[in-house]
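A, B, ... follow the sequence lines: proteins, then strands. Residue 1 opens every chain.
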There are 2 protein chains.
Amino acid sequence: MTHQRLAVLTVLQREQRPLTIREIHELLDTAGDLATVYRTMHVLQEAHLVSRCDFRDGVARFEVSCACGALHHYHVICNNCGEVRGVEIEFPYAMLEGIASQTSYSHISPHVEFFGVCPACSKEGQNKKKA
Amino acid sequence: MTHQRLAVLTVLQREQRPLTIREIHELLDTAGDLATVYRTMHVLQEAHLVSRCDFRDGVARFEVSCACGALHHYHVICNNCGEVRGVEIEFPYAMLEGIASQTSYSHISPHVEFFGVCPACSKEGQNKKKA
DNA sequence: CTTGATGCAAAGGGTTTGCAGCATT
DNA sequence: AATGCTGCAAACCCTTTGCATCAAG
């Protein structure tokens, strides 16, 4: 609604990758207060305009919510250099049904992040082996 | 190896659920220092004796690594009351292959947590609707 | 005027680290 | 004696919060 919030959304739209709150703050033209960005992210999250992801490094990241069709948006993070790749792939909904039937939980939604080794770091590893 | 580390493993074995470092510390008979538990968890993690999971609440949790066969161990967390249920279910490895081929990343491993509403909270919701 | 967003500063909470002391080999 | 684990305290970082101010309806 407010100017600041639109600015945050614009940044996220432009970057098209998960951003730390600190990164968002630095990318804002009219850099307001960091606390304001934190509050803004809460609002945008509850409005389902952005989604939060967690790369297991203790820092929350945000990106614009995808207009998910059949394919869903995931991330693969390099264990070595931290590079993040986006992936569009179908999530196996059969799994959700299995979980629902095993647990009687409802409204189940998965939070998934993939970790691996990126091509560049893979090569480096090979070089190290050879050396 | 050391006494403290075995004690931590024993606690995790006994409880059979993801524990906060603070919880582990409180469950230890000879409660040493919190910092020691933090260091211990790092060691155990690197030794692949425990695995860390993340329930998106800013606190790391640990449990004994499963001797994974065909079925894998996952968690379903109640969005309302925070109750955690364990689930044993097959993970769709086809998904991993899809991601590997899309990204050229190797050694891909998924980190998954499921969120939903537990049966008890589901009932409460219905009561509220009726009331 | 009333409501809500902002900036600023301080506090909170989980985690890490430096250092000295202690145990074990 | 040497290595490494422990306890203690302080520091670090991300995040949240109280409060006064400011902008908008």
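When the side chain to side chain donor-acceptor pair (under 3.5 Å) test is applied to A:Arg61, the partners found at least two apart in sequence or on another chain are A:Asp57. Among residues two or more places apart in sequence or in another chain, the side chain to side chain donor-acceptor pair (under 3.5 Å) test is passed with B:Glu88 by B:His73. Taking the ring-ring contact (aromatic ring centres under 6.0 Å, His included) definition, one finds that B:Phe115 meets it with A:His111, sequence neighbours left out. By the ring-ring contact (aromatic ring centres under 6.0 Å, His included) test, B:Phe55 is found to be paired with B:His75, residues two or more places apart in sequence or in another chain being considered.
Within residues 14-30 of chain B, the residues having any heavy atom closer than 4.0 Å to DNA chain C are, in order of number, B:Arg22. Near DNA chain C, defined here as any heavy-atom distance below 4.0 Å, the residues from residues 41-55 of chain B are B:His42, listed numerically.
In this structure, the CD atom of A:Gln4 is 14 Å from the C1' atom of C:dC8, given to the nearest Å. Straight-line distance from the CG atom of B:Asp57 to the P atom of D:dT16: 12 Å, rounded to whole Å. In this structure, CZ of B:Phe62 is placed 10 Å from C1' of C:dT15, rounded to the nearest angstrom.
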Mind listing the N/O atom pairs, protein and nucleotides 21-24 of chain C, below 3.5 Å?
none

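Distance alone, capped at 3.5 Å, places no donor-acceptor pair between the A:Arg56 side chain and the A:Glu113 backbone. Not a single donor-acceptor pair under 3.5 Å links the side chain of A:Thr20 to the backbone N or O of A:Arg22.
Taking a 4.5 Å side-chain heavy-atom cut-off between Ile, Leu, Val, Met, Phe, Trp and Tyr, the cluster of B:Val43 contains only that residue. The hydrophobic cluster containing A:Leu44 also includes A:Val8, A:Leu9, A:Val11, A:Leu12, A:Leu19, A:Ile21, A:Ile24, A:Leu27, A:Leu28, A:Leu34, A:Val37, A:Tyr38, A:Met41, A:Leu49, A:Val50, A:Phe62, A:Val64, under a criterion of side-chain heavy atoms closer than 4.5 Å among ILVMFWY residues, counted directly or through chains of members.
Taking the side chain of B:Thr2 as heavy atoms from C-beta on, and the options D:dT6, C:dA5, C:dG14, the nearest nucleotide is D:dT6. Of the candidates C:dT15, D:dT6, D:dT15, D:dT15 carries the atom nearest the A:Leu34 side chain, counting heavy atoms from C-beta on.
For the pair A:His42 and A:Arg39, the minimum side-chain heavy-atom distance is 4.5 Å or more.
The two residues B:Ser65 and B:His48 have their closest heavy-atom pair at OG-O, 3.2 Å. Closest approach of B:Tyr105 to A:Cys78, counting heavy atoms only: CE2-N, 3.7 Å.
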Which nucleotides of nucleotides 17-25 of chain D have their base under 4.0 Å from a protein heavy atom (B), which only their sugar-phosphate (S), and which neither (-), written as one string 5' to 3'? BB-------
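Note on residues 90-103 of chain A: pairs passing side chain to side chain donor-acceptor pair (under 3.5 Å), not counting sequence neighbours, are A:His72-A:Tyr93. A salt bridge (charged side-chain N to carboxylate O under 4.0 Å, His left out) check over residues 3-17 of chain B, counting only residues at least two apart or in different chains, returns the pairs B:Glu15-B:Arg17.
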